[in-house]
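Structure, as structure tokens:
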Amino acid sequence: MKTLKDWSFAGRDGACLMLDTGGGRRLRIAVLEHDLIRVSLIGRDGWRLNRSWSVAPDGDTPFEGRSRDDLGGFSCPDFAHQDTPDGLVIDTGTLRLTVRRPLQLVWQARMGDDWRVFATDRPTGKHMAGTGDHAHAHFLRRHPD
């Protein structure tokens, strides 16, 4: 497996931002609600499985799943995104996602007037992708508190 480090902004398509991560892989960040952002790693040959049972707008997903590209049922609110010296910042007003260089995701939630980090990728080897297959791995940093 290879650690994904470098990325470049590939554009915005409605509720989705696309980041190229090398080797034909793309990180898709979809703002589904003010408090819900879905991050997906798409392989060089597209989706390995184009169905999902993970994120559904109205409770449980159907038995056959939903298309991974289907944003139906979500409000897909407008959001701000900007390049910064640290990388890319996506802000819904409720959630803030910073994509740093090398590739690292830092998640924050609004707490009154402040932003509080609630999840972050570990410092090294956080996003990994198979060199000859669709395998991938993602690792978060854990804090004792």
Side-chain angles (χ1 to χ4, degrees), residues 1-44 46-62 65-131 134-145:
M1 297 203 48
K2 175 184 175 184
T3 300
L4 301 177
K5 296 179 185 177
D6 299 323
W7 61 269
S8 61
F9 182 69
R12 179 175 178 174
D13 182 12
C16 300
L17 297 176
M18 303 295 199
L19 307 178
D20 288 331
T21 61
R25 292 178 186 87
R26 184 165 271 190
L27 197 68
R28 184 175 79 168
I29 302 169
V31 176
L32 303 176
E33 302 292 347
H34 288 285
D35 59 354
L36 182 63
I37 298 173
R38 178 172 51 198
V39 178
S40 306
L41 181 64
I42 304 170
R44 60 184 155 262
W47 295 112
R48 180 177 55 110
L49 178 63
N50 67 353
R51 312 300 289 166
S52 174
W53 291 262
S54 299
V55 180
D58 299 317
D60 204 5
T61 57
R66 287 174 51 102
S67 167
R68 290 186 186 274
D69 295 319
D70 183 5
L71 302 181
F74 295 104
S75 68
C76 299
D78 196 22
F79 60 94
H81 68 92
Q82 65 177 350
D83 288 316
T84 70
D86 287 335
L88 176 70
V89 177
I90 301 159
D91 189 337
T92 71
T94 303
L95 289 179
R96 183 183 288 165
L97 173 59
T98 302
V99 184
R100 294 184 178 162
R101 287 188 176 87
L103 182 60
Q104 181 184 35
L105 304 180
V106 178
W107 297 85
Q108 295 175 295
R110 182 178 291 282
M111 306 294 280
D113 293 333
D114 298 322
W115 289 94
R116 181 172 183 239
V117 173
F118 67 89
T120 185
D121 293 339
R122 73 180 187 187
T124 60
K126 50 222 154 250
H127 297 270
M128 302 184 81
T131 56
H134 286 281
H136 64 275
H138 175 234
F139 301 94
L140 289 172
R141 184 174 190 173
R142 294 187 63 193
H143 297 278
D145 57 348

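Keep in mind it's a predicted model, so treat the numbers as computed, not measured.
- Taking NZ of K126 as the start and CG of L140 as the end, the distance is 11.5 Å to the nearest 0.5 Å.
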N/O donor to acceptor pairs below 3.5 angstrom from side-chain atoms of residues 73-81, sequence neighbours left out:
unit_1: S75; atom_1: OG; unit_2: E33; atom_2: OE1; d: 2.5
unit_1: D78; atom_1: OD1; unit_2: R12; atom_2: NH2; d: 3.3

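- At distances below 3.5 Å, not a single donor-acceptor pair connects side-chain atoms of T61 with backbone N or O atoms of G65.
- Between D69 and R28 the shortest side-chain heavy-atom distance falls below 4.5 Å.
- G23 approaches R44 most closely through the heavy-atom pair O-CB, 3.4 Å.
- With hydrogens and angles ignored, the 3.5 Å screen pairs a side-chain donor or acceptor of R68 with a backbone N or O of R51.
- Annotation: side-chain contact (heavy atoms from CB on, under 4.5 Å) contacts of N50 (sequence neighbours excluded): W47.
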Identify every side-chain donor-acceptor pair in residues 99-110 under 3.5 Å, counting partners at least two apart or on other chains, and give the distances.
unit_1: Q104; atom_1: NE2; unit_2: D121; atom_2: O; d: 3.0
unit_1: R110; atom_1: NE; unit_2: G93; atom_2: O; d: 2.9

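- D35 and L95 get closest at one heavy-atom pair: C-CD1, 3.4 Å.
- The two residues A10 and R26 come nearest to each other via the heavy atoms CB-NH2, 3.4 Å.
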Pair W7-D20, side-chain contact (heavy atoms from CB on, under 4.5 Å): steps then yes or no: CA-CA 5 Å; W7 61 269; D20 288 331; over 6 Å; no
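- When the options V31, V89, T92, V39 are evaluated for a side chain to side chain contact (heavy atoms under 4.5 Å, CB included) with L97, the one that passes is V39.
- Scanning both residues, P57 and R66, for their nearest heavy atoms gives CD-NH1, 3.3 Å.
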